[in-house]
Amino acid sequence: MADDMTSPGDRDDSGLSDGADESGNFGDSGNSGNSGNDDGLHFNDADLDAAMADFEREFDQSQASQNQDSQGPDSGLGQDDTLFAGDGTGESSDQPETQQSIEASFDDELQGLLGNKAKAAAIITRLTSAELLAAFCQLSDISAVCIDDPQGAVAVLHNLDGDSPEAAAKDLTTVVSGMPAILTVNRADKLEATLFLQGQAGEQFAPPILFASAAPFVEDLMLGITPLEDILSDRKSFDSADLDHDGALAVLAKHTRFGRGNSSIS
């Protein structure tokens with residue numbers, strides 16, 4: 001009976017018989033030779049640590065070599081500097097301008113929604129010449145592009161901030177005394193049309209009445225249906241910024257006819 005029992009000294013703490021390792025393989029676990037592991041697939045802890053150390057060293061050397069090749073020997077840039085360096089195409093320098101353009105466009109839209117800036121504004125006249133209207137705008141210090149139309153030349157205003165459109169209509173009808181003009185403004189998608197004479201605001205018109213008697217493109221422009229660039233593409237126009245004071249007077253002289261005791265403007 002005693003021969004069938006195993007004494008406590010014959011077993012280790014893992015419950016395995018002396019001479020067997022934890023995986024159940026017999027032999028000297030501290031010996032990495034071929035006596036117990038002829039297939040060469042089993043490593044002891046020391047062999048595993050050495051292999052991992054070699055692998056980490058080779059990986060670090062490979063990474064260092066790749067970083068050096070990407071920066072070039074004389075680039076003078078650190079690893080972090082390459083994250084912010086331009087690629088030579090000019091795209092990085094364009095990004096701030098693009099961002100500014102987006103911000104400016106957003107601000108214009110916001111001011112338009114708040115009514116602090118008009119979406120569109122135009123002065124409608126009965127003048128037969130857009131060139132003459134551009135000369136009047138230059139003499140009145142108004143920035144506008146003037147468009148020809150058989151029903152009367154129209155000045156599309158550039159300055160849309162605050163009450164600038166109303167100020168422009170007052171200045172124009174003050175400088176050109178006796179000439180009536182209708183100012184139409186789109187603020188926060190609300191249309192207003194007001195008659196100006198001698199620098200004073202007068203009667204207001206409902207938009208349908210105004211559009212029925214104005215140039216056909218006025219409605220499309222004020223409602224945002226057609227961009228100004230498309231309207232200018234197939235119509236004769238003159239920009240007041242293209243004239244100086246003397247040029248404006250020359251245009252005025254060309255369109256003014258003097259007779260006995262009176263004069264007329266065409």
Side-chain angles (χ1 to χ4, degrees), residues 97-98 100-173 175-176 179-196 204-244 247-248 251:
E97 295 180 3
T98 303
Q100 291 176 0
S101 176
I102 293 174
E103 291 176 355
S105 177
F106 175 78
D107 184 66
D108 287 343
E109 287 292 330
L110 178 60
Q111 296 303 317
L113 291 174
L114 296 176
N116 297 330
K117 184 173 184 177
K119 292 186 175 181
I123 298 177
I124 303 169
T125 72
R126 291 303 180 191
L127 294 175
T128 59
S129 170
E131 183 185 29
L132 180 60
L133 181 55
F136 284 147
C137 286
Q138 203 287 329
L139 295 174
S140 305
D141 196 22
I142 297 171
S143 177
V145 56
C146 301
I147 306 173
D148 255 336
D149 190 84
Q151 292 185 256
V154 177
V156 181
L157 304 178
H158 293 316
N159 190 353
L160 304 175
D161 294 329
D163 61 350
S164 295
E166 286 78 9
K170 291 179 181 179
D171 292 343
L172 180 63
T173 56
V175 171
V176 188
M179 182 189 75
I182 298 176
L183 172 68
T184 176
V185 184
N186 181 342
R187 282 193 180 93
D189 293 327
K190 180 181 179 181
L191 291 176
E192 294 182 351
T194 307
L195 175 67
F196 280 81
Q204 290 190 336
F205 302 91
I209 297 176
L210 170 69
F211 295 150
S213 58
F217 66 83
V218 172
E219 180 177 3
D220 293 342
L221 176 67
M222 298 308 299
L223 296 178
I225 299 174
T226 305
L228 177 60
E229 292 77 10
D230 293 347
I231 295 174
L232 297 177
S233 63
D234 58 356
R235 291 180 179 271
K236 191 174 182 180
S237 62
F238 299 87
D239 200 314
S240 62
D242 295 334
L243 296 171
D244 57 13
V251 172

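As the structure is a prediction and not an experimental result, all values here were calculated from the model.
Here CG of Leu232 is found 8.5 Å from CZ of Phe217. Values are rounded to the nearest 0.5 Å. Taking CG from Leu210 and CD from Glu219, the interatomic distance works out to 9.0 Å, rounded to the nearest 0.5 Å. Taking CG of Asp171 as the start and CZ of Phe196 as the end, the distance is 10.5 Å to the nearest 0.5 Å. In this structure, CG on Leu172 lies 12.0 Å from CG on Asp141, to the nearest 0.5 angstrom. Between the CD1 atom in Ile209 and the CD atom in Gln204 there is a gap of 12.0 Å [rounded to 0.5 Å]. To the nearest 0.5 Å, atom CD of residue Glu131 and atom CG of residue Asp242 are 11.0 Å apart.
Judged purely by atom type and a 3.5 angstrom limit, Thr125 uses its side chain to pair as donor or acceptor with the backbone of Ala153. For the pair Ser237 (side chain) and Val145 (backbone), a donor-acceptor distance under 3.5 Å is absent. A side-chain donor-acceptor contact under 3.5 Å links Gln151 to the backbone of Ser213. Using a distance-only test at 3.5 Å, with no hydrogens or angles considered, no donor-acceptor pair links the side chain of Thr184 to the main chain of Ala122. Looking only at distances, no side-chain donor or acceptor of Asp220 sits under 3.5 Å from a matching main-chain atom of Ile225.
Residues passing the side chain to side chain donor-acceptor pair (under 3.5 Å) test with Ser140, sequence neighbours excluded: none.
Contact record, Pro207 with Leu191: CG-CB, 3.8 Å, taken as the closest heavy-atom pair. Across Gly162 and Arg187, no two heavy atoms sit closer than the pair O-NH2, 2.8 Å. A pairwise comparison of heavy atoms in Ala155 and Leu133 identifies N-CD2, 3.6 Å as the closest pair. Nearest heavy atom pair, residue Ile124 against residue Ala214, reads CD1-CB, 3.9 Å.
Between Glu166 and Thr194, every side-chain heavy-atom pair lies at or beyond the 4.5 Å cut-off. Counting heavy atoms from C-beta on, the side chains of Leu195 and Thr173 never come closer than 4.5 Å. A 4.5 Å side-chain heavy-atom check between Arg235 and Asp148 finds every atom pair outside the cut-off.
Between Asp189 and Lys119, at least one side-chain nitrogen of the basic residue sits less than 4.0 Å from a carboxylate oxygen of the acidic one, meeting the salt-bridge criterion.
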**Q.** Intermediate values then yes/no, side-chain contact (heavy atoms from CB on, under 4.5 Å), Met179 and Leu127
**A.** CA-CA 9 Å; Met179 182 189 75; Leu127 294 175; 3.8 Å; yes
Please determine whether side-chain contact (heavy atoms from CB on, under 4.5 Å) holds for the pair Ile231 and Val156, giving the CA-CA distance in whole Å, both sets of side-chain angles, and the decisive distance to 0.1 Å. CA-CA 11 Å; Ile231 295 174; Val156 181; over 6 Å; no
> Do Leu157 and Val185 pass the side-chain contact (heavy atoms from CB on, under 4.5 Å) test, and can you show the C-alpha distance, the side-chain angles, and the key distance before you say yes or no?
Replying inline: CA-CA 10 Å; Leu157 304 178; Val185 184; over 6 Å; no
